[in-house]
Amino acid sequence: MSKPLPLAQAFRPVALSLALAFGGIALSVAPAVASAAAPLVKTQAPGFYRVMLGDFEVTALSDGTVDLDVAKLLAEPPARTSAALAKAFVASPLETSVNAYLINTGAKLVLIDAGAGTLFGPTLGRLMANLRAAGYQPEQVDDIFLTHMHPDHVGGLSSNGVPAFPNATIHADKRDSDFWLSQGNMDKATPDAKGFFQGAMASVNPYVAAGKYQPFDGDGTLVPGIRTLASHGHTPGHTSYVVESRGQRLIVVGDLVHVGAVQFDQPSVTIGFDSDPKAAAVARETVFKEAAKEGALVGAAHLQFPGLGHLRAAGTAWQWVPVNYSTELK
Ligand SMILES: [Zn+2]
Ligand SMILES: [Zn+2]
């Protein structure tokens, strides 16, 4: 191999041809002035993260984050919560991710949960922008599977009474729609809780009116490769989804966990949003056990984006092992 030319020599022909191209006029460029500080940018990369699961492509979509006063919300003394958070180098209010998962099975494009839309303040509602950034269009979504009908999971379904996913059919456990879409239940609800019912109705009813809401009842297969796994408790019909291709499994667990820094070490700790805290804790234990036993990938709506990882049993506690970052999908 011949010895490389010194840089100046190597670039001389380029400089010469540029000078010729500009009619022989020598161009002089002033060096950049570095005295003004560059402004801080303060945003992240678009919020999507992809993994392959057998033949399926899974794209985690960020809807943004929201600050939650978890020291108040978790059912344990605030000082204990604060200590557990400090051990994880975070504090209350905790900046909490809202994640959804888009599954391309090759035959169907399925979205699991739809983010908050405008229902939960300005830091959420970014799912649609991130879906587009990830290379998809809302018109391509065939089906939307809801883990449950809380506003941070349904708000992105509709905008001003119009379905945001015009070709999609919505699916959720009938226990959730019977509860959250009931005018009678809303009338009985406390003023604080009314917003939850209004949010569910405003988001889901446009699909009901268009004949595009199909409730299911407990466990079953919705499309080839995706089945429901009843995990009732957080809401009456809270559902996890088992996605499987070529023997690889992902379990989307919805709101079975909100605060990893507390609830992995102490899985019995419940949160104020749980409809039936006891049942919610049992569902967490049951689904986590199944995921750990199978070595399944887990997708969690409120663990730090992309909310994907594995669970390892550690006595009565759990260890969360986030997915390894991957630049190319195999
Ligand atoms: Zn919830
Ligand atoms: Zn949630």
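Ligands are counted one by one from 1 in listed order, and the atoms in each one are counted from 1 as well. Since the model is a prediction, treat every value here as computed from it, not as a measurement. All values below were derived from every heavy atom in this structure, side-chain atoms included, with hydrogens, water molecules and symmetry-related copies excluded.
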Item to check | Asp152 atom (N/O/S) at minimal separation from the Zn ion (ligand 2) | outcome: OD2
Next on the checklist: Taking 2.8 Å as the cut-off, does His234 contribute an N, O or S atom near the Zn ion (ligand 1), distance below it?
Outcome noted: yes
Next on the checklist: Under 2.8 Å from the Zn ion (ligand 1) - does any N, O or S atom of Asp255 fall there?
Outcome noted: yes
Checklist entry - Taking the six-membered ring for Trp, is the centroid-to-centroid distance between His232 and His148 below 6.0 Å? => result no
Checklist outcome for this item: Checking Thr235, Asp113, Asp173 against Thr147 for side chain to side chain donor-acceptor pair (under 3.5 Å), the one that qualifies is Asp113
Checklist entry - Under 6.0 Å between ring centres, would you say that holds for Tyr213 and Tyr207? => result no
Checklist entry - Which N, O or S atom name in His150 marks its closest approach to the Zn ion (ligand 1)? => result ND1
Checklist entry - Do any of the N/O/S atoms of His153, backbone or side chain, fall under 2.8 Å from the Zn ion (ligand 1)? => result no
Item to check | Steps toward side-chain contact (heavy atoms from CB on, under 4.5 Å) verdict (His171, Ile144) | outcome: CA-CA 6 Å; His171 308 257; Ile144 300 176; over 6 Å; no
Checklist entry - So, for His238 and His150, is the gap between ring centers shorter than 6.0 Å? => result no
